[in-house]
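Presented below is the structure to which this report refers.
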Amino acid sequence: MLKLIKLEWKKNNVWKQIRNAAVTTGVLLALLLMAAGELEREETVQAYGKSMLDVSVGMFVHVSYIVFTGVMIASYLVGAYEKKTINLMFSYPIRRSRIVLAKIFAVWIFNFAAMTVSKAVISFVLIFTRSSTGITAAGLSIGEPSFWLEAVLGSAAMVSISFLALPIGLKMRSSKAAIVASVIIVCFTQGGIGSATLANNMTFYAVLFVTAIVSVYLSICRLETRDVM
């Protein structure tokens, strides 16, 4: 499986995606550095007692990498069906489910790592530049195990939820549909209307997480006998 995952990264030029992820993190960091002072002056405290700066770091990273995951799903998985290159891959003496799972894991592992690293890098820079930016960054407790636990679990959950875009893209055989679906996922998981929002709603996230797992399972079950259009 690991060899198949590495092959997917090589075939899809993972170094270009690493560069894009680094640029994305840099842009997010620049935006947060410009807004950090105003965010700290905001008196509103979000759910679970987090500061506005802490919430904003998580929200910016989640929004960006949910869409990033959707783009990679479109490229690695949906595009293979759309362009019918999956037919050639299924002719290899390898189980079809292993081929598709390798693609899924290649996307999941990359975005999980990228999202976690992005949160850590942004938080580190905000903390170590506070003397020049004039912020306290008190809500970013990178020295606490809870920070890393939340970063890892949050990244795993958000990347997994992003895979709700997979069955939509496969059903429509459209990469664009998968990307649009990822934008809709962002609206539901990170957006809000007025004071009403589902962001940081653990029950809602749990339902989406389970739904995503079921969706991925349904996308790969019976692959060995299912006709490929």
Side-chain angles (χ1 to χ4, degrees), residues 1 4-25 27-28 59-92 94 96-118 155-191 205 208-209 211-223 226-229:
M1 180 62 75
L4 288 175
I5 292 172
K6 290 180 178 179
L7 181 62
E8 286 297 324
W9 284 335
K10 182 177 180 180
K11 183 172 63 176
N12 288 279
N13 194 2
V14 73
W15 289 109
K16 180 179 178 180
Q17 289 150 2
I18 291 173
R19 181 201 66 192
N20 292 341
V23 171
T24 299
T25 298
V27 171
L28 294 178
M59 184 185 71
F60 276 46
V61 172
H62 289 165
V63 166
S64 300
Y65 281 97
I66 287 173
V67 176
F68 204 108
T69 303
V71 172
M72 287 186 67
I73 288 171
S75 174
Y76 280 58
L77 289 147
V78 180
Y81 280 87
E82 188 178 12
K83 298 173 184 176
K84 299 189 184 300
T85 56
I86 198 69
N87 294 333
L88 176 61
M89 298 186 70
F90 282 170
S91 67
Y92 299 161
I94 305 173
R96 293 179 176 184
S97 56
R98 285 178 60 84
I99 293 173
V100 175
L101 277 174
K103 291 176 175 290
I104 290 171
F105 281 125
V107 174
W108 194 95
I109 292 170
F110 179 91
N111 284 281
F112 166 73
M115 188 181 289
T116 304
V117 170
S118 183
S155 296
M158 287 299 108
V159 173
S160 299
I161 288 171
S162 301
F163 274 84
L164 286 169
L166 175 60
I168 296 173
L170 291 179
K171 182 68 175 179
M172 301 182 69
R173 290 293 191 270
S174 170
S175 297
K176 292 180 180 178
I179 296 172
V180 170
S182 69
V183 174
I184 294 173
I185 292 168
V186 165
C187 295
F188 274 101
T189 59
Q190 307 299 317
Y205 285 174
L208 290 182
F209 180 84
T211 304
I213 297 299
V214 173
S215 298
V216 169
Y217 171 75
L218 293 176
S219 298
I220 64 175
C221 71
R222 298 193 302 276
L223 268 178
R226 187 190 308 165
D227 290 336
V228 183
M229 301 299 293

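Remember, predicted model here, so these are calculated numbers, not experimental data. Every heavy atom of this structure was used, including side-chain atoms; hydrogens, water molecules and symmetry mates were not.
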Nearest-0.5 Å distance that lies between atom CD1 in I99 and atom CG in L77:
12.0 Å
When rounded to the nearest 0.5 Å, the distance separating CD1 of I213 from CD1 of I161 is 9.5 Å
Go through the steps for N12 and F110 under the test side-chain contact (heavy atoms from CB on, under 4.5 Å), then give the verdict.
CA-CA 12 Å; N12 288 279; F110 179 91; over 6 Å; no
So CG of L101 and CD of E8: to nearest 0.5 Å the spacing works out to 11.5 Å
For the backbone of G169 and the side chain of E82, can you confirm whether one donor and one acceptor N or O come within less than 3.5 Å of each other?
no
Closest approach of V216 to L166 (non-hydrogen atoms, all atoms of both residues):
CG2-CD2, 4.3 Å
Could you measure the distance from the OH atom of Y217 to the CD1 atom of I220? Nearest 0.5 Å is fine.
8.0 Å
Residue pair I184 / I168, side-chain heavy-atom distance below 4.5 Å:
no
In this structure, which one of Q17, K11, K103 forms a side-chain hydrogen bond (donor to acceptor under 3.5 Å, both in side chains) with Y76?
Q17
Within a strict 4.5 Å, meaning less than it, do heavy atoms of the L218 and P167 side chains meet?
no
How long is the span from the CD1 atom in I185 to the NE2 atom in H62, to the nearest 0.5 Å?
14.0 Å
Non-hydrogen atoms of V78 and R173 that approach each other most closely:
CG1-C, 4.4 Å
Between Y205 (side chain) and M158 (backbone), is there a donor-acceptor pair under 3.5 Å?
no
If I take atom CZ from residue F68 and atom CG from residue N20, how far apart are they, to the nearest 0.5 angstrom?
5.0 Å
Nearest atoms (heavy-atom pairs only) where A102 meets I5:
O-CG1, 3.7 Å
Do F163 and N111 touch side chain to side chain, with heavy atoms closer than 4.5 Å?
no
Residue that, paired with Y65, satisfies side-chain hydrogen bond (donor to acceptor under 3.5 Å, both in side chains) out of T24, T25, T116
T25
List the atom of A177, the atom of M172, and the distance in Å for their closest heavy-atom pair.
CB-SD, 3.7 Å
What pair of heavy atoms forms the shortest contact from S162 to I73, and how long is it?
O-CD1, 3.7 Å
Is a donor on one side and an acceptor on the other found under 3.5 Å between the side chain of W108 and the backbone of V159?
no
What heavy-atom pair brings S182 and A165 nearest, and what distance separates the two atoms?
N-CB, 4.1 Å
CA sep, side-chain torsions, deciding dist, call: Y81, V100, side-chain contact (heavy atoms from CB on, under 4.5 Å)
CA-CA 11 Å; Y81 280 87; V100 175; 4.0 Å; yes
